[in-house]
2 protein chains.
Amino acid sequence: MIKKNAAKVGQQRDGETEQRILEAARTVFVRSGTSGARMQEIAEEAGVNQALLHYYFRSKEGLSQAVFRDAAGKMFPAILRTLGSDLSVDEKIDALVETYLDNVSRTPYLPGYILSELHYHPERITQVLGNITGTPEGGHIPETVRPLFDKLDRQLAEEARAGRMRKINSQQFVVNLLSLCVFPFAARPMLRAVLGLDDDAFARFIKERRKELPQYIRNAMRP
Amino acid sequence: MIKKNAAKVGQQRDGETEQRILEAARTVFVRSGTSGARMQEIAEEAGVNQALLHYYFRSKEGLSQAVFRDAAGKMFPAILRTLGSDLSVDEKIDALVETYLDNVSRTPYLPGYILSELHYHPERITQVLGNITGTPEGGHIPETVRPLFDKLDRQLAEEARAGRMRKINSQQFVVNLLSLCVFPFAARPMLRAVLGLDDDAFARFIKERRKELPQYIRNAMRP
DNA sequence: GTCTATATTGTGATAGAC
DNA sequence: GTCTATCACAATATAGAC
């Protein structure tokens, strides 16, 4: 109901400007971190004035939360959905490795940003992950996620009982899976410096991983 | 030759004050990140005045570099030494998992700090890792580290030839190893929130990992 | 070496015109 | 909705006494 007269000079229809600001903010926050980023830098990146950032997002805190929420909203739901699905264990491994590596390859600096944010602002996890996991206000996330891990535990137990896998608990299983997928991106600057991987070489490195990782992980749990 | 008359009031002998400042800085930088940290906060943590930080380290930049150099100097050399040693592949796996998990358990927030620093200040990698790896001024780190990976590649090729392992290249091998060791610490705040792991539960989680990881990794490469 | 006081710049945020 | 101008304070850094 608000934005009428969109034809008037200097006005943009819809949330176009807001969106441009949000994307600029993502770029800058991902590059410099929440405290390292400057509102001025974001304004320039978006091609607008600094005051406009405050008009749309009120404060730096508000803007950075919006960015983090978006970023986390891209990564976590997909992972949780896969882990909680009705796929078999083997299929979950395949699905997670493929979708994660494919998706993140397009935004390779996101994992580093997210892990850093979680490290320096752990209080944000609850806010953001609470929504994502559907945890009620003031609730405890682990309780909401519990059913997912319980289900995984049953699947893993059944595989072990049938002699198809060694016994492993769901937490270690998930952490192993995530470690092998996420770490190479989070440590990308290190790999670039130590192994000399430029953008192309890194992309090839990930492509190779995408092929070998499922086999690697399944093998690791053979009886 | 400088510090005489150490008995005089207000003076400390040796680098005691400098050391206290450095430790305080480590605490604060690891907790808040380089740009998030405040010199005032560090001064308080060290129990000295803010001007003293500049007396010893000239600038915030200087202090943060000193902290990062120390932190990286704790992690990387041990890893590189193990990987480049004369141990067999199996022994390297054991050694790296054990020493890494044991050492880092004492400073569990260091990996998150180091990865974040590398993400937001990739230029520091060259400065610091150059020294650690013994790369000459202006040299390229990968060339210095190359022999280490070449040696690993020969070992892995020999294992494959003898039918004891599947073929895997040294880069993927090392990244897998590091992923499984480092990620749980780097993602600790996330694991705390999602899995509900408090300090004790996390310590147990790592202890279990220390036991199972070598077997997991060896298994993953079985033919 | 260590302190207090202060200079100086950076930076988030707001007021108000258009 | 978007801009320019400016405020208010935070934060690094330095001067100089002790």
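Numbered from 1 within each chain, the chains take letters A, B, ... in sequence-line order. Values below: every heavy atom of this structure, side chains too, minus hydrogens, waters and symmetry copies.
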So with a 6.0 Å cut-off around CG of A:D198, is the heavy-atom count from everything else above 12?
-> yes
Could you pull out all residues at least two apart from B:K207 that satisfy salt bridge (Lys or Arg N to Asp or Glu O under 4.0 Å)?
-> none
Whole-Å distance separating the CG atom of B:L53 from the C1' atom of D:dA11 | 12 Å
With A:D199 via salt bridge (Lys or Arg N to Asp or Glu O under 4.0 Å) - residues at least two apart | A:R188, A:R192
Let me see the working for A:M190 and B:L178 under side chain to side chain contact (heavy atoms under 4.5 Å, CB included), right down to the final yes or no.
-> CA-CA 12 Å; A:M190 188 187 77; B:L178 289 184; 4.2 Å; yes
What pairs meet the salt bridge (Lys or Arg N to Asp or Glu O under 4.0 Å) rule with one or both residues in residues 129-142 of chain B, with sequence neighbours excluded?
-> none
Between the CG atom in B:L213 and the CD atom in B:E208, the distance rounded to the nearest 0.5 Å is 10.5 Å
Atom CD of A:E61 and atom P of D:dA10 are separated, to the nearest Å, by 16 Å
In residues 29-41 of chain A, which residues come under 4.0 Å of DNA chain C by heavy atom?
-> A:A37, A:R38, A:M39
Give a yes/no on whether any side-chain N or O of B:T17 is located under 4.0 angstrom from OP1 or OP2 of C:dT2.
-> yes
Check whether the side chains of A:S179 and B:S179 place a donor and an acceptor atom closer than 3.5 Å, and report yes or no.
-> no
Could you give the CZ-to-P distance, from B:F57 to C:dG1, as a whole number of Å?
-> 13 Å
Got a sec, which pairs hit salt bridge (Lys or Arg N to Asp or Glu O under 4.0 Å) with one end in residues 55-79 of chain B, sequence neighbours left out?
-> B:E61-B:R124
Do the side-chain N or O atoms of A:H54 get closer than 4.0 angstrom to the phosphate oxygens (OP1, OP2) of C:dT14?
-> no
Please check the phosphate of C:dT14 (OP1 and OP2 only) for any side-chain N or O of A:Y55 closer than 4.0 Å.
-> no
Taking DNA chain C as the partner, which of residues 42-52 of chain A come within under 4.0 angstrom of it by heavy atom?
-> A:Q50, A:A51
